[in-house]
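Working notes, structure below.
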Amino acid sequence: MLNEGRMRGMNPSQTEIQEKRIDDLRHDLLSPLSAVFGFLELLRSGRGGELSVQQRAYVDCMGDALAEALVKINATVGELKAHGNTVAD
């Protein structure tokens with residue numbers, strides 16, 4: 001990645017700062033999703049009581065939506081890193 005930044009006119013420190021911003025953004029987006037995934041798994045486990053069929057369907061729907069969001073976040077972060085795009089402060 002650093003060589004790509006140099007080719008685009010960024011010095012190594014600018015590239016490192018930019019990659020850190022992207023990694024921080026990814027972390028900030030994924031942390032709450034991870035917490036929700038964990039809660040959904042707790043619900044699915046039945047430790048808090050059995051879910052009705054309808055409740056399980058809702059939990060599964062939420063899990064599917066979170067998985068889709070995770071894919072989108074990872075794809076966007078990958079594109080930002082691959083193309084050397086910037087993330088504003």
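Just so we're clear, the structure is a prediction, and the values are computed from it rather than from any experiment.
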Drop me the distance from E50's CD to S45's OG, to the nearest 0.5 angstrom. 9.0 Å

Got a sec, which pairs hit side chain to side chain donor-acceptor pair (under 3.5 Å) with one end in residues 25-34, sequence neighbours left out? R26-N74, H27-S31

Can you list every pair that meets salt bridge (charged side-chain N to carboxylate O under 4.0 Å, His left out) and has a residue in residues 51-62, with sequence neighbours left out? R44-D60

Between CD1 of I17 and CD1 of I22, what distance do you get to the nearest 0.5 Å? 12.5 Å

Please name all residues satisfying side chain to side chain donor-acceptor pair (under 3.5 Å) with Q54, sequence neighbours left out, ordered by chain then number. Y58

Review item, side-chain donor-acceptor pairs of residues 62-69, under 3.5 Å, at least two apart:
unit_1, atom_1, unit_2, atom_2, d
E68, OE2, K72, NZ, 3.2

To the nearest 0.5 Å, how far apart are CG in L30 and CG in L70? 6.0 Å

Could you check whether any side-chain N or O of Q55 sits under 3.5 Å from a backbone N or O of S52, counting only pairs where one atom can act as donor and the other as acceptor? yes

